[in-house]
Amino acid sequence: MSAHTIAIIGAGSVGSTIAHTLLLRRVVGDLILVDIDDKLCRAQVDDLSDGTSLANVRIRQGTLADACRAEITIITAGAKQRPGDTRLDLIDRNFKVLKSVLDGMKPLREDAVLLLVANPVDVLTAMAQKISGLPRNQVLGSGTLLDSMRLTRVLAHRLKIADRSVQATVIGEHGDSQCVAWSATTVAGQHLFEVLPLGAAERAEIAESTRNKAGAIIAAKGFTSFGVAAATTTLCESIIFDQRQVLPVSHWHDEYQCCLSLPAVLGRNGVVDTVPFQLEGEERTALEGSAKSIRDVMATCAQYL
Ligand SMILES: NC(=O)C1=CN([C@@H]2O[C@H](COP(=O)(O)OP(=O)(O)OC[C@H]3O[C@@H](n4cnc5c(N)ncnc54)[C@H](O)[C@@H]3O)[C@@H](O)[C@H]2O)C=CC1
Ligand SMILES: CC(=O)C(=O)O
């Protein structure tokens, strides 16, 4: 059994589903859940403990002071979108939550990795880098890994092949300005359009349904949790086991002066490397537009720092 520890701040729908997925995948031996709502957190820990016989994982309720000793701290604390809200609408509330969480965790373990999940995840990742004082590579956001998984599922379904046989990447904001890197989408080493010719209208429709998927689920059930839990667990596995998977995550880019998602190498210290990622002209323009949307919201946070 591994003695690795992950702390999850925010034990609501997303935090508890991440805990459950981590538990089933046996990513770590110890899981700590922290929430401002003491009663809810205790109930989530009690409920999750009923399932630990499947994995022999220790799960307990903790404080921010306990969380700062974990190798990875996942931050899901904060408000979620109501139907019709964009992720960027959450910034005022969730910046304050983030600041209080990180201040409560200080001093942070020097080699800690902070994994942001709360929205708007790109803006909060940049803010967490500033507030925590950790090296930037140790503070990342789940970003468009979830959107890339959603896109991959649609393409794999059309091709009647396994998801893992399709390499498809959504880049930019985990939000409305995201874009699909069609030029880098491949199946068995061939460009996607060699095996699945898609016209401009079909591409636009697939990109739009990927972008709108969260909103559609939220309109029907109030929140999303399973997809983000799968994405976050994949990231934790790559970090804890130093797997060096190349995954689209939100991380800092000097070129764009913000955090946004492009493929990065995920290892024990978070983003341990980057890989060259060629984009076509229109995709690059879309990525620059996405970066601007993120920077515009970051500017509104300056008043709080
Ligand atoms: N990045 C992604 O792909 C996704 C991000 N999200 C985001 O995750 C966040 C959480 O969503 P849900 O779990 O559905 O919401 P939720 O309302 O079920 O849970 C949020 C939890 O945070 C806790 N909390 C609030 N302030 C806190 C503080 N200062 N310290 C500790 N805990 C605090 C609340 O008590 C609550 O239990 C939202 O911002 C949502 O937009 C949700 C799905 C996917
Ligand atoms: C809520 C959210 O960010 C998502 O499911 O993509």
Side-chain angles (χ1 to χ4, degrees), residues 7-21 32-45 47 61-68 73-105 115-125 127-128 131 140-151 153 170 172-178 209-235 247-250 259-261:
I8 302 174
I9 317 293
S13 308
V14 172
S16 60
T17 310
I18 292 173
H20 191 229
T21 312
I32 301 172
L33 258 63
V34 182
D35 199 293
I36 202 165
D37 184 338
D38 185 63
K39 198 168 151 200
L40 170 81
C41 192
R42 196 166 338 113
Q44 296 284 34
V45 167
D47 197 8
Q61 183 174 4
T63 62
L64 293 175
D66 299 322
C68 72
T73 296
I74 302 168
I75 302 180
T76 78
K80 60 186 157 203
Q81 295 155 263
R82 290 163 299 212
D85 282 347
T86 72
R87 295 175 180 85
L88 295 175
D89 291 333
L90 300 170
I91 189 58
D92 289 346
R93 279 170 285 169
N94 288 355
F95 176 82
K96 286 174 192 147
V97 170
L98 176 69
K99 175 102 173 60
S100 75
V101 165
L102 292 179
D103 286 347
M105 283 178 65
L115 177 44
L116 275 293
V117 172
N119 277 315
V121 70
D122 301 289
V123 179
L124 293 182
T125 302
M127 294 303 133
I131 300 165
L140 58 131
S142 58
T144 57
L145 177 56
L146 173 54
D147 309 282
S148 301
M149 288 162 52
R150 288 172 172 150
L151 172 66
R153 179 84 287 274
V170 175
E173 183 202 357
H174 173 61
D176 293 348
S177 70
Q178 64 181 234
S209 69
T210 302
R211 183 167 45 247
N212 294 340
K213 188 158 188 198
I217 298 170
I218 290 168
K221 64 173 255 189
F223 62 93
T224 65
S225 62
F226 296 115
V228 69
T232 307
T233 298
T234 301
L235 295 175
L247 296 164
V249 290
S250 190
C259 287
L260 54 73
S261 288

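When a ligand or atom number is given, it counts from 1 through the structure's own listing order.
Considering backbone and side-chain atoms together, Asn119 places an N or O closer than 3.5 Å to an N or O of ligand 2. At a 3.5 angstrom cut-off on N or O pairs, Ser13 counts as close to ligand 1. Any N or O atom pair closer than 3.5 Å counts here, and Val14 shares at least one such pair with ligand 1. At least one N/O-N/O distance between Val117 and ligand 1 falls below 3.5 Å. Of the polar atoms of Val121, none of the N or O atoms is found under 3.5 Å from an N or O of ligand 1, judged by distance alone. When only interatomic distances are considered, the shortest N/O to N/O separation between Ile36 and ligand 1 falls below 3.5 Å.
Here the CE atom belonging to Met105 is positioned 6.0 Å from the CD1 atom belonging to Ile75, to the nearest 0.5 angstrom. With rounding to the nearest 0.5 angstrom, the CG atom of Asn94 is 11.0 Å from the CG atom of Asp89. From Ile74, atom CD1 reaches atom OG of Ser142 across 9.5 Å, with rounding to the nearest 0.5 Å. Note that the CG atom of Leu33 and the CG atom of Asp66 stand 11.5 Å from one another [nearest 0.5 Å]. Atom-to-atom distance recorded for Thr63:OG1 and Asp35:CG is 13.0 Å, nearest 0.5 angstrom.
The ligand atoms of ligand 1 that sit less than 4.0 angstrom from a heavy atom of Val97 are 26 (N), 27 (C), 28 (C), 29 (N). Atoms of ligand 1 lying under 4.0 Å from at least one heavy atom of Leu146, given by number and element, are 3 (O). Residue contact check: Thr76 has heavy atoms under 4.0 Å from atoms 9 (C), 10 (C) of ligand 1. Ligand-side atoms of ligand 1 in range of Ala79: 38 (C), 39 (O), range being under 4.0 angstrom from any heavy atom. Each of the following atoms of ligand 1 lies closer than 4.0 Å to a heavy atom of Asn94: 39 (O). The distance from ligand 1 to the heavy atoms of Leu40 drops below 4.0 Å at these ligand atoms: 37 (O). Shown in contact with His174 at under 4.0 Å from a heavy atom are these atoms of ligand 1, numbered in order with element: 1 (N), 2 (C), 3 (O). In summary, the atoms of ligand 1 found under 4.0 Å from a heavy atom of Ser100, numbered by their order in the structure, are 29 (N).
Of the residues listed (Val228, Thr233, Thr232, Thr234), the one engaging Thr21 in a side-chain contact (heavy atoms from CB on, under 4.5 Å) is Thr233, and it is the only one.
Of the heavy atoms in Arg150, only side-chain atoms (C-beta onward) come closer than 4.0 Å to ligand 2. Contacts between Lys80 and ligand 2, counted as non-hydrogen atom pairs separated by less than 4.0 Å, are absent for every part of the residue. Counting heavy atoms closer than 4.0 Å to ligand 2, residue His174 contributes side-chain atoms (C-beta onward) but none from N, CA, C or O. Counting heavy atoms under 4.0 Å from ligand 2, residue Leu146 touches it through the side chain alone.
Considering each of Asp85, Asn119, Leu98, the one bringing a non-hydrogen atom nearest atom 6 (N) of ligand 1 is Asn119. Selection from Thr224, Asp147, Thr125, Thr17 by nearest heavy atom to atom 43 (C) of ligand 1 gives Thr224.
The neighbour count for Arg82 CZ, taken as heavy atoms of other residues, nucleotides or ligands under 6.0 Å away, does not exceed 12. Other residues, nucleotides and ligands contribute more than 12 heavy atoms inside 6.0 Å of the NZ atom of Lys221.
Nearest protein heavy-atom contact of atom 35 (O) of ligand 1 is Asp35 OD1, 2.6 Å. Among all protein heavy atoms, the one lying closest to atom 33 (C) of ligand 1 is Ala77 CB, 3.5 Å. The protein non-hydrogen atom at the shortest distance from atom 19 (O) of ligand 1 is Gly12 CA, 3.3 Å. Closest to atom 8 (O) of ligand 1 among all protein heavy atoms lies Ala118 CA, 3.8 Å. Atom 5 (O) of ligand 2 has its closest protein heavy atom at Thr224 OG1, 2.6 Å. Scanning the protein heavy atoms around atom 16 (P) of ligand 1, the nearest turns out to be Lys80 NZ, 3.8 Å. In this structure, atom 20 (C) of ligand 1 lies nearest to the protein heavy atom Gly78 O, 3.4 Å.
Of the N and O atoms on the side chains of Asp122 and His174, not one donor lies less than 3.5 Å from an acceptor on the other residue.
Residues Gly12 and Ser16 share a closest heavy-atom pair of O-OG, 2.7 Å.
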* Asked: Can you list the steps and then say if Lys80 with Ile218 is a side chain to side chain contact (heavy atoms under 4.5 Å, CB included)?
  -> CA-CA 10 Å; Lys80 60 186 157 203; Ile218 290 168; over 6 Å; no
* Just do the side chain to side chain contact (heavy atoms under 4.5 Å, CB included) check on Val34 and Ile8 with the steps written out, would you? => CA-CA 6 Å; Val34 182; Ile8 302 174; over 6 Å; no
* To do: Check the pair Ile18 / Val14 against side chain to side chain contact (heavy atoms under 4.5 Å, CB included), numbers first and verdict last.
  => CA-CA 6 Å; Ile18 292 173; Val14 172; 3.7 Å; yes
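Leu140 is not listed as a side-chain neighbour of Leu116, based on a closest heavy-atom distance of 4.5 Å or more. Counting only heavy atoms from C-beta outward, the side chains of Pro248 and Val170 never approach each other to under 4.5 Å. Contact annotation: the side chain of Arg150 approaches that of Asp147 to within less than 4.5 Å [non-hydrogen atoms, C-beta and beyond].
Put simply, part of Gln81 is less than 4.0 Å from ligand 2, judged by heavy atoms.
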